[in-house]
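FYI, the numbering just counts along the sequence from 1. Indexing begins at 1, ligand by ligand and atom by atom, following the structure's order. Below, all heavy atoms of this structure are taken into account, side chains as well, without hydrogens, waters or symmetry copies. It should be emphasised that the depicted structure is a prediction, and the values quoted were computed from it without experimental measurement.
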Amino acid sequence: MTAHHTQLQYLPADLKRELLPKHVAVIMDGNGRWAKRQGLPRIIGHKHGVDALKDLLRCCKDWGIAALTAYAFSTENWKRPQEEVEFLMTLFQRVLRQELREMLEENVQIRFVGNLQALPRILQEEISRSMEETKDNRAIRFTVATNYGGRQEILQACRAIADQVKQGLLQPDEIDEATFERHLYTAGICDPDLLIRTSGEMRISNFLLWQMAYAEIYITDTLWPDFDRAEFHRALSAYQQRERRFGKV
Ligand code: IPE
Ligand code: IPE
Ligand code: MG
């Protein structure tokens, strides 16, 4: 661990514990640009991106944030060059296997959301095992969106609800927000309070469309592999300045 991390091991004194977000979501963008800037192949950026995510997870745990969700692979990311897609799938599988022990020791609950059935079989097996072995852990809930698309999540919820209506188990006018939420991949996880997107892009890119209704959005030009505790501190400071009105005055 670097000296820098040690300095920020505890919640910085200027942040108010009672005003921390309960759930932080991150769109980890900019790995490719980070690599390109140094004349390296894009995949090296993804490797460094993993290190940034590992430290953010530890940081959330150290600072007392209850839930972290990270966007790792979108339903649109399959359109990237096959070589990059294959590298990412292998990277996810390897990192998951390497990190499982630490997640168990650190009491981390990991969960994956997305169309998991379409992932390589061997990755699906690592995913199932990690979710099963960490399901009772309570220090932090860590959700990884993999082959995730917000529209696709909403569609599969609609299909499941329509099926219940067809079977006569549910009346159309009984479908409320709670019914809908139970059919989302994120059932049981509270909505994100803060969305962070790195590398300056001002868009949602099909991430948690339903859940993001009232999230505060923080965008930084920093590229994901450079997103460290000092950056996270800045994001939380900005969040604590915001006035969340939820439609009220
Ligand atoms: C985010 O970084 C990682 C994934 C989408 C898997 P990018 O790979 O999108 O990096 P840029 O946006 O091309 O720099
Ligand atoms: C969003 O980043 C997806 C992930 C971070 C996994 P992209 O790089 O795919 O998004 P766009 O293409 O810039 O919208
Ligand atoms: Mg990108």
Side-chain angles (χ1 to χ4, degrees), residues 23-57 60 67-96 98-99 110-120 122-124 126-127 130 142-155 184-186 189 192 194-212 215-228 231-232 235:
H23 183 178
V24 174
V26 280
I27 300 178
M28 310 183 286
D29 199 14
N31 292 349
R33 276 164 278 181
W34 184 91
K36 197 175 165 202
R37 262 182 209 179
Q38 320 190 36
L40 297 167
R42 293 177 56 83
I43 57 172
I44 304 298
H46 296 316
K47 274 190 168 174
H48 286 267
V50 169
D51 295 333
L53 179 58
K54 286 200 291 199
D55 195 51
L56 179 62
L57 175 61
C60 284
L68 173 69
T69 295
Y71 202 5
F73 195 87
S74 76
T75 47
E76 289 71 36
N77 287 150
W78 296 107
K79 295 172 196 152
R80 293 185 176 205
Q82 189 189 346
E83 192 189 61
E84 181 172 347
V85 170
E86 278 172 12
F87 177 85
L88 283 168
M89 294 300 147
T90 310
L91 181 70
F92 296 155
Q93 178 202 324
R94 197 176 64 225
V95 170
L96 198 49
Q98 283 168 356
E99 297 304 312
I110 189 167
R111 183 164 160 176
F112 285 79
V113 293
N115 178 10
L116 305 179
Q117 283 81 30
L119 295 170
I122 181 158
L123 175 57
Q124 286 185 50
E126 293 295 340
I127 286 176
S130 65
F142 176 42
T143 304
V144 186
T146 312
N147 194 18
Y148 175 89
R151 288 184 170 181
Q152 187 223 38
E153 175 183 41
I154 289 169
L155 284 177
L184 294 174
Y185 298 133
T186 53
I189 304 171
L194 170 63
L195 169 69
I196 298 171
R197 183 166 186 152
T198 54
S199 68
E201 241 66 74
M202 308 251 182
R203 55 178 172 260
I204 298 282
S205 300
N206 206 11
F207 190 38
L208 301 176
L209 297 181
W210 169 281
Q211 298 87 340
M212 222 59 99
E216 293 295 328
I217 299 176
Y218 177 87
I219 291 167
T220 169
D221 285 334
T222 300
L223 304 174
W224 177 254
D226 291 329
F227 190 87
D228 59 10
E231 287 286 342
F232 189 45

Considering only N, O or S atoms of Asp29, the one closest to the Mg ion (ligand 3): OD1
Applying a heavy-atom cut-off of 4.0 Å, say which part of [X] lies close to ligand 2: side chain, backbone, both or neither.
{"X": "Arg33", "result": "neither"}
{"X": "Met28", "result": "backbone"}
{"X": "Phe73", "result": "backbone"}
{"X": "Ala145", "result": "neither"}

For Arg197, the ligand 2 atoms whose distance to one of its heavy atoms is below 4.0 Å: 2 (O), 10 (O), 11 (P), 13 (O), 14 (O)
Numbered atoms of ligand 2 (with element) below 4.0 Å of Arg203, judged on heavy atoms: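 Listed by number with element: 11 (P), 13 (O), 14 (O).
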Side chains of Ser205 and Arg197, donor plus acceptor under 3.5 Å: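 Checked: Ser205/Arg197 side chains pair up, N/O donor to acceptor below 3.5 Å.
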Ligand 1 versus Asn77: contacting region, heavy-atom distance under 4.0 Å: side chain
Do any heavy atoms of [X] fall under 4.0 Å from ligand 1?
{"X": "Glu201", "answer": "no"}
{"X": "Gly30", "answer": "yes"}
{"X": "Gly45", "answer": "no"}

Close side-chain approach of Tyr71 and Thr146, heavy atoms under 4.5 Å: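 The answer is no; the side chains never approach within 4.5 Å.
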Flag side-chain contact, heavy atom, 4.5 Å: Glu153 against Gln211: yes
